[in-house]
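Here, residue 1 is the first one in the sequence, and each next residue gets the next number. Every number for a ligand or one of its atoms is a count from 1 in the order of the listing.
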Amino acid sequence: MTNTPITEVPAHLRAAVDAAKQKVADLHAELPRWELVVWTAGNVSERVRDDRSPDGTGDLLVIKPSGLSYDDITAEAMVVCDLEGNLVEGDRAPSSDTAAHAYVYAHMPEVGGVVHTHSTYATAWAARGEEIPCVLTMMADEFGGPVPVGPFAIIGDDSIGRGIVETLRGSRSKAVLMQNHGPFTIGGDAKAAVKAAVLCEEVARAVHVSCQLGEPLPIAQEHVDALYDRYQNVYGQR
Ligand SMILES: O=C(CO)[C@@H](O)[C@@H](O)COP(=O)(O)O
């Protein structure tokens with residue numbers, strides 16, 4: 001994605017960026033709350049869409065600064081980057097996973113939020129490079145099938161982001177287990193991506209326990225499809 005560098009938050013995005021900073025700050029508290037992280041090992045971002053750039057090149061992302069303790073996270077501490085991962089606003093370096101988040105936003109226009117954790121059970125499946133089979137109705141509901149594994153990729157360039165996109169593009173899953181690393185999740189906004197991270201860890205744990213007891217039973221594809229359709233289109237308060 002080539003576009004003129006964004007050197008400051010445009011005036012017409014100021015209010016949306018400030019709202020996203022508060023939302024992303026608040027959502028980081030959910031990571032320790034649901035025991036998805038230790039220390040600072042997780043991050044949440046949200047896209048801020050620029051309607052004046054229909055090709056998405058003016059969109060921004062809001063994410064935490066790298067290494068910031070969850071106890072110290074405030075809206076004011078959040079940083080803003082463009083979709084190439086360049087810092088646009090903030091006085092600290094952005095998350096070390098910013099390039100991955102940015103690559104997802106740049107190549108999956110429907111994605112509005114990205115989360116990365118090292119939650120224990122999902123990371124254990126990632127260490128084995130094994131997808132989580134769709135043997136629970138909760139998996140059919142939220143992921144529409146198995147939780148897939150993405151390629152081994154070293155942090156530092158767009159290879160993690162590329163692996164996430166290659167794995168999730170065309171998949172119903174909102175979660176990918178990056179081999180030997182851990183889960184990344186996506187959603188229509190940051191809250192949906194956090195929910196996917198919470199449910200990914202829950203099903204990773206439940207299926208792991210089931211595997212200790214014996215062979216989990218698969219769910220027929222027709223039932224997976226029906227469960228996914230209901231949950232995505234009917235479930236909850238309308
Ligand atoms: O997994 C890694 C580094 O390998 C990161 O996700 C984790 O340490 C969190 O880094 P940030 O504090 O977001 O820079």
Side-chain angles (χ1 to χ4, degrees), residues 20-48 60-106 111-129 147-165 167-168 174-187 190-191 193-194 196-198 200-201 204:
K21 284 186 172 183
Q22 187 62 62
K23 182 176 179 181
V24 168
D26 293 344
L27 284 169
H28 273 90
E30 297 295 297
L31 302 186
R33 176 184 175 207
W34 294 99
E35 300 181 349
L36 302 182
V37 294
V38 292
W39 201 243
T40 63
N43 38 69
V44 179
S45 73
E46 180 151 287
R47 181 203 297 260
V48 178
L60 299 171
L61 71 88
V62 172
I63 197 166
K64 77 167 201 190
S66 184
L68 187 64
S69 166
Y70 299 110
D71 294 335
D72 300 330
I73 284 186
T74 63
E76 295 69 30
M78 295 299 99
V79 297
V80 184
C81 296
D82 66 18
L83 296 199
E84 294 183 333
N86 302 309
L87 185 65
V88 172
E89 183 175 274
D91 56 9
R92 294 183 59 163
S95 167
S96 49
D97 293 300
T98 299
H101 290 238
Y103 190 94
V104 172
Y105 290 129
V111 174
V114 179
V115 170
H116 170 47
T117 80
H118 294 253
S119 60
T120 302
Y121 285 87
T123 301
W125 285 86
R128 299 196 343 255
V147 176
V149 173
F152 178 79
I154 294 282
I155 196 168
D157 56 20
D158 66 7
S159 55
I160 293 178
R162 191 183 303 275
I164 296 166
V165 171
T167 307
L168 291 185
K174 300 185 185 72
V176 54
L177 309 174
M178 292 302 283
Q179 184 182 311
N180 299 109
H181 188 171
F184 282 80
T185 60
I186 60 175
K191 183 176 181 181
V194 168
V198 172
C200 179
E201 177 62 6

Engineer: So which heavy atom on G67 is nearest to which on T40, and how close?
Structural biologist: O-CG2, 3.5 Å
Engineer: CG of D72: more than 12 outside heavy atoms within 6.0 angstrom?
Structural biologist: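 Atom CG in D72 is packed in, count exceeds 12.
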Engineer: Without swapping roles, check the side chain of W125 against the backbone of L177 for a donor-acceptor pair under 3.5 Å.
Structural biologist: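 Checking the backbone N and O of L177 against the side chain of W125, no donor-acceptor pair under 3.5 Å is found.
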Engineer: Just the distances, no angles: every ligand 1 N or O to protein N or O pair closer than 3.5 Å, one line each.
Structural biologist:
unit_1	atom_1	unit_2	atom_2	d
ligand 1	1 (O)	H118	NE2	2.7
ligand 1	1 (O)	H181	NE2	3.0
ligand 1	6 (O)	D97	OD2	2.4
ligand 1	6 (O)	H116	NE2	3.2
ligand 1	10 (O)	S96	OG	3.1
ligand 1	12 (O)	K64	NZ	3.1
ligand 1	12 (O)	G67	N	2.8
ligand 1	13 (O)	N43	ND2	2.9
ligand 1	13 (O)	S95	OG	2.7
ligand 1	14 (O)	S66	OG	2.6
ligand 1	14 (O)	S96	N	2.7
ligand 1	14 (O)	S96	OG	2.7

Engineer: Please tell me if the side chains of E30 and V198 come closer than 4.5 Å, counting only heavy atoms from C-beta onward.
Structural biologist: no
Engineer: What is the ring orientation for F184 with H116, classed by angle as parallel under 30°, tilted 30 to 60°, or perpendicular over 60°?
Structural biologist: parallel
Engineer: What is the minimum heavy-atom distance between V79 and R92, and which atoms define it?
Structural biologist: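 Looking at all heavy atoms of both residues, the closest pair is CG1-O, 3.6 Å.
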